[in-house]
Protein chains: 2
Amino acid sequence: MSDDDPKPARGRPRTMNAEKVLDVAMTAYWQSDPADVSVNAICQMASISKPSLYREFGSEDGLSRAVLDRYAEQVLSEVFVALDGGQGLRQTLAALIDFASADPRMETGCLFYKMRAGKHRLGPETRTRVEEIDGAAQAAYAAFLQAARDAGEWPDGLSVDAGAKYLGEQIALAITQRASGEDKARIREMLTLALSVFTRP
Amino acid sequence: MSDDDPKPARGRPRTMNAEKVLDVAMTAYWQSDPADVSVNAICQMASISKPSLYREFGSEDGLSRAVLDRYAEQVLSEVFVALDGGQGLRQTLAALIDFASADPRMETGCLFYKMRAGKHRLGPETRTRVEEIDGAAQAAYAAFLQAARDAGEWPDGLSVDAGAKYLGEQIALAITQRASGEDKARIREMLTLALSVFTRP
DNA sequence: GACATAAAATACCGACCGGTAATAAAATGA
DNA sequence: TCATTTTATTACCGGTCGGTATTTTATGTC
């Protein structure tokens with residue numbers, strides 16, 4: 001996935017560091033909101049010119065898509081790993097609760113959820129990627145719950161798919177509340193309450 | 001609250017109907033999102049000129065604030081009435097579930113929740129009003145739950161305030177999902193599951 | 001040195017934004 | 001009829017947006 005840098009050996013050497021630009025953009029998008037950060041602002045923060053950015057990413061859509069990919073790689077992957085870890089139902093739910101209500105990286109919310117909430121404001125590439133990730137997350141939640149169901153306890157009359165969607169939305173809600181400055185303990189209390197439906201006799 | 005129309009008796013008679021403008025703006029804000037509807041667009045939809053709008057409402061902030069007040073009067077009041085109705089816990093929760101997951105007016109979401117979600121993009125007047133309404137809603141939920149608690153069943157170890165916040169956020173989540181085209185039955189299923197924590201033995 | 005190449009930066013484009021100054025139109029009062 | 005008052009409209013303001021044409025700068029090659 002990485003280097004297609006055949007060392008051009010001709011022409012002015014590039015000073016722009018795409019990784020650094022992605023970092024700057026990801027931080028800015030994440031800390032505030034993709035819809036509230038302009039390409040101009042990113043160029044300024046990254047100390048590059050606009051044409052440089054456009055030559056690298058093609059468009060604002062291309063940039064935000066690249067940022068989202070990076071975010072999925074660096075942050076979301078952890079959640080997928082936790083879901084796939086084969087730990088028990090209660091233990092995994094506890095880990096999810098910890099992540100959503102206490103992980104310091106989620107203090108300003110989750111970039112993916114911010115993008116999903118403002119889906120209609122995204123370009124087509126980024127929007128498509130958001131939908132793909134959303135589907136993958138739902139599938140991962142469903143697989144996790146299916147395993148738990150096979151292993152024993154499960155509330156009567158609840159489909160795995162509905163449970164997966166419910167679980168995902170509750171986590172999204174909790175993290176979104178983090179971004180709005182809600183008290184961490186409160187969020188933990190509410191998320192624990194919401195997820196208690198999975199571990200009720 | 002209504003008529004300060006002392007019949008000016010002089011000058012060119014006004015053709016602008018403030019009520020109609022509010023209706024147009026409320027519909028537009030509600031159907032899409034306040035952040036995605038410009039003053040220009042509203043003027044065009046209402047067939048008035050921009051200065052007419054600004055003379056009536058002062059600013060975009062003034063307009064959105066007036067729209068929010070109208071929305072609170074016309075829509076949110078019903079929810080407050082339902083909470084205040086003194087019906088039992090289960091019955092009132094069922095009514096809330098119906099409203100959130102099936103009321104046709106919520107098919108494109110709730111204007112108040114849209115404003116709250118994009119609070120930072122609102123002007124100061126409107127933002128203040130959003131916070132006032134949010135506080136009032138939380139108080140109403142808390143009063144409702146307190147009454148239910150006095151009347152009997154209540155999950156151990158859950159404070160009324162936390163329960164009120166939880167209840168409000170679950171309803172907000174359900175209605176927001178309506179706006180994103182989620183299946184009504186699914187939403188009802190998930191909201192019922194979330195609120196089942198209040199009616200568990 | 002002259003030339004080709006590739007990346008940089010400047011300066012611009014048209015579109016739209018919220019908001020307003022200047023002016024035209026429609027009514028009443030004298 | 002003509003001034004006054006009130007409203008409506010046109011045309012504009014400065015600013016920001018995403019995006020780009022143009023030019024400058026830095027390198028390797030000959």
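So that the names make sense, note that chain A is the first sequence line, chain B the second, and so on, each numbered from 1.
- Looking at A:His120 and B:Asp33, their side chains never bring a donor and an acceptor atom within 3.5 Å of each other.
- Side-chain atoms of B:Ser64 come within 3.5 Å of backbone atoms of B:Asp61 as a donor-acceptor pair (strictly under, hydrogens ignored).
- Remark on DNA chain D: of its neighbouring residues A:Val39 and B:Pro51, the 5'-side contact belongs to B:Pro51, judged by nearest-heavy-atom nucleotide.
- For C:dA7, one of the phosphate oxygens OP1 or OP2 lies less than 4.0 angstrom from a side-chain nitrogen or oxygen of A:Arg55.
- Put simply, CG on A:Leu122 is 13 Å from P on D:dG18, counting in whole angstrom units.
- Here A:Asn40 does not reach the OP1 or OP2 of D:dT16: none of its side-chain N or O atoms lies under 4.0 Å away.
- Atom CE of A:Met16 and atom C1' of D:dA26 are 16 Å apart (whole Å).
- In terms of position along DNA chain C, the nucleotide closest to A:Ser52 lies nearer the 5' end than the nucleotide closest to the other residue of the pair A:Ser52 and B:Ser38.
- Atoms CD (A:Gln44) and C1' (D:dC17) sit 14 Å apart, rounded to a whole Å.
- Between the side chains of B:Asp150 and B:Gln146, at least one donor N or O lies within less than 3.5 Å of an accepting N or O.
- Atom-to-atom, OH of B:Tyr54 to C1' of D:dC13 comes out at 13 Å; the value is rounded to the nearest Å.
- Taking 4.0 angstrom as the limit, B:Ser49 places none of its side-chain polar atoms (N or O) nearer than this to OP1 or OP2 of D:dA8.
- Between A:Arg14 and C:dA7, a side-chain N or O to OP1/OP2 separation shorter than 4.0 Å is present.
- Whole-Å rounding puts the B:Phe57 CZ to C:dT20 P distance at 16 Å.
- Residue B:Arg12 is the one, among B:Arg12 and A:Glu60, whose nearest nucleotide of DNA chain D lies closer to the 5' end (criterion: closest heavy atom).
- Within the 4.5 Å cutoff, no side-chain heavy atoms of A:Leu158 are placed close to those of A:Tyr166.
- Taking all atoms of both residues into account, the shortest heavy-atom contact from A:Ala100 to A:Arg178 is O-NH1, 2.9 Å.
- The distance from atom CG of B:Asn17 to atom C1' of D:dT7 is 15 Å, rounded to the nearest whole Å.
- In this structure, CG of A:Leu53 is placed 10 Å from P of D:dG19, rounded to the nearest angstrom.
- One interatomic measurement links the two molecules: CZ of B:Arg10 to P of C:dA26, which rounds to 18 Å at whole-angstrom precision.
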